[in-house]
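Take a look at the structure set out below.
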Amino acid sequence: MGWQEGIVRPVSLDGLGQRYRRYRLADPEAEEAMAGSLRRWGQLSPVVACVRDEQLELLDGFKRWTAARQVSELPSLSVRVLEVDEPTAKSAILGLNREQRPARELEEAWIVQALVRDDGMTQVEAAHLLGRHKSWVCRRLAFLERLSVAVKEDLRLGLMGPSLARQLTRLPAGNQEAVLALVRRETLTAQEVSGVIDLLQGAGVAQAAFVLAQPRAALAQAQGMPTALRDPRLSRAGNWLAKYLTQALEALVRVEHWLRTPNERELRATDREILQPLLARAGDEARGVAELVLGPDLQREKMS
């Protein structure tokens, strides 16, 4: 149907229900800006609603409704009332926003799940109603249904972002909360989260326990695993230093593994004589860097 159909009439703010608001994410900053616009210009376009159980329920305009409650001069809003069934009402929530602020992936997933699970539509029917391909519907449905209940609630409340949620869908629901707690405790970067999940997939009990207890150490030990480019806990200078210290440590670890590998350690006595000054210099440089970073007193305390 055309979303511009329907009768437009004024309705008091208290006369507009919020049952469909659960399919939209709140945006306090945008609501504050909208309140300023309403004070200056008034309402420029009608909100959209439908009738459910003899009550007008908003489909589009939740931001304007919230902002209007902050403007004493606006006790009512101009409302376009659509005559639609339940599935079409849900599809209108997405359709009405395509030319304004497009629905986010999470909001799309909520609508798809409601159409398929609550309204009993097939994925093909939902795709046709929303003007999308079946694969799009399948991806949105999987996005929610592979998440644990607790993770979905955090997602709904805005305590985590959709990108992290997509990463967590790679894990069984029973492991997602542990990884989410780990991400928050260690302030892992997106790259580190991806690496940790890669390590957990197929890991044994002992391996998984080590990854969850020491994620960065586990990532460092994994061959070919990319290291974090930035640690949010560090300053710009701290991140620069951490980057090059990590590269130096990785080089030393590779050398140690090579020396410990059978049939590879074939150094001659003359090799050791030539290499000894390089090893001594490496040790001196390491101590010098430690002293510059930690200070001479703390460096000696750490080394003792």
Side-chain angles (χ1 to χ4, degrees), residues 1-38 40-71 74 76-121 123-134 136-137 139-141 143-144 155-156 158 162:
M1 67 172 295
W3 303 128
Q4 299 305 312
E5 298 177 9
I7 299 172
V8 178
R9 59 186 173 91
V11 178
S12 69
L13 297 180
D14 292 337
L16 294 169
Q18 305 290 302
R19 69 187 290 175
Y20 295 106
R21 187 165 196 144
R22 64 183 182 272
Y23 302 120
R24 298 290 280 171
L25 291 166
D27 190 342
E29 292 184 3
E31 290 165 359
E32 187 65 30
M34 177 60 71
S37 175
L38 290 175
R40 186 173 183 180
W41 306 107
Q43 183 183 359
L44 300 178
S45 60
V47 300
V48 181
C50 67
V51 179
R52 287 291 177 271
D53 301 323
E54 300 182 357
Q55 164 75 44
L56 276 177
E57 298 287 348
L58 269 179
L59 295 173
D60 177 59
F62 299 105
K63 184 169 56 180
R64 279 168 285 175
W65 181 87
T66 302
R69 296 182 72 86
Q70 305 175 39
V71 182
L74 278 177
S76 65
L77 286 172
S78 176
V79 181
R80 184 183 305 279
V81 182
L82 301 180
E83 295 184 9
V84 292
D85 59 18
E86 188 65 10
T88 307
K90 293 186 177 79
S91 71
I93 297 172
L94 299 185
L96 288 164
N97 284 278
R98 282 178 181 167
E99 296 181 359
Q100 302 172 32
R101 196 269 290 169
R104 297 169 183 152
E105 183 180 5
L106 177 59
E107 296 169 321
E108 294 170 342
W110 283 334
I111 295 292
V112 169
Q113 186 182 55
L115 290 172
V116 175
R117 302 306 179 205
D118 298 340
D119 299 331
M121 300 185 75
Q123 293 186 31
V124 173
E125 290 170 338
H128 179 73
L129 178 64
L130 297 174
R132 299 284 190 171
H133 192 272
K134 180 188 172 183
W136 182 91
V137 169
R139 288 195 302 272
R140 294 303 183 276
L141 193 60
F143 176 59
L144 278 183
L155 189 59
R156 180 181 291 276

Roughly how far apart are [X] [atom1] and [Y] [atom2], rounded to 0.5 Å?
| X | Y | atom1 | atom2 | value |
| --- | --- | --- | --- | --- |
| S91 | L96 | OG | CG | 8.5 Å |
| E57 | R19 | CD | CZ | 5.5 Å |
| K90 | I93 | NZ | CD1 | 7.5 Å |
| L129 | M121 | CG | CE | 5.0 Å |
| S76 | R9 | OG | CZ | 11.5 Å |
| E32 | Q70 | CD | CD | 5.0 Å |

- Count the heavy atoms of every other residue, nucleotide or ligand shown that sit under 6.0 Å from CD1 of I7, and state whether that count exceeds 12. no

Under 4.5 Å between any side-chain heavy atoms of [X] and [Y], yes or no?
| X | Y | value |
| --- | --- | --- |
| L77 | L13 | yes |
| L82 | T88 | no |
| L155 | F143 | yes |
| P162 | R104 | no |
| W136 | R140 | yes |
| Y23 | L94 | no |
| L144 | V112 | no |
| V47 | W65 | no |

- Message: Tell me which one of E31, E108, E107 satisfies salt bridge (Lys or Arg N to Asp or Glu O under 4.0 Å) with R24.
- Response: E107

- Message: Before you tell me yes or no, could you show the steps for L141 and R117 under side chain to side chain contact (heavy atoms under 4.5 Å, CB included), namely the whole-Å CA-CA distance, both residues' side-chain angles and the distance that decides it to 0.1 Å?
- Response: CA-CA 10 Å; L141 193 60; R117 302 306 179 205; 3.5 Å; yes

If you compare all heavy atoms of [X] against all heavy atoms of [Y], which two are closest, and at what distance to 0.1 Å?
| X | Y | answer |
| --- | --- | --- |
| L56 | A49 | CD2-CB, 4.3 Å |
| L58 | Q18 | CD1-NE2, 3.6 Å |
| F62 | Y20 | CZ-C, 3.8 Å |
| V8 | S78 | CG1-OG, 3.1 Å |
| R80 | P46 | NH2-CG, 3.9 Å |
| Q55 | L16 | NE2-C, 3.8 Å |

- Query: Counting N and O atoms only, with roles assigned by atom type, does the side chain of R64 sit under 3.5 Å from a partner on the main chain of L38, one being a donor and the other an acceptor?
  - Reply: no

- Keeping the roles fixed (side chain from E86, backbone from D119), state whether a donor-acceptor pair exists under 3.5 Å. no

- Sole candidate of H128, E125, Q123, Q113 that passes side chain to side chain contact (heavy atoms under 4.5 Å, CB included) when paired with V137: Q123

- Yes or no on salt bridge (Lys or Arg N to Asp or Glu O under 4.0 Å) for R69 and D14, after CA distance, side-chain angles and deciding distance? CA-CA 10 Å; R69 296 182 72 86; D14 292 337; 3.5 Å; yes

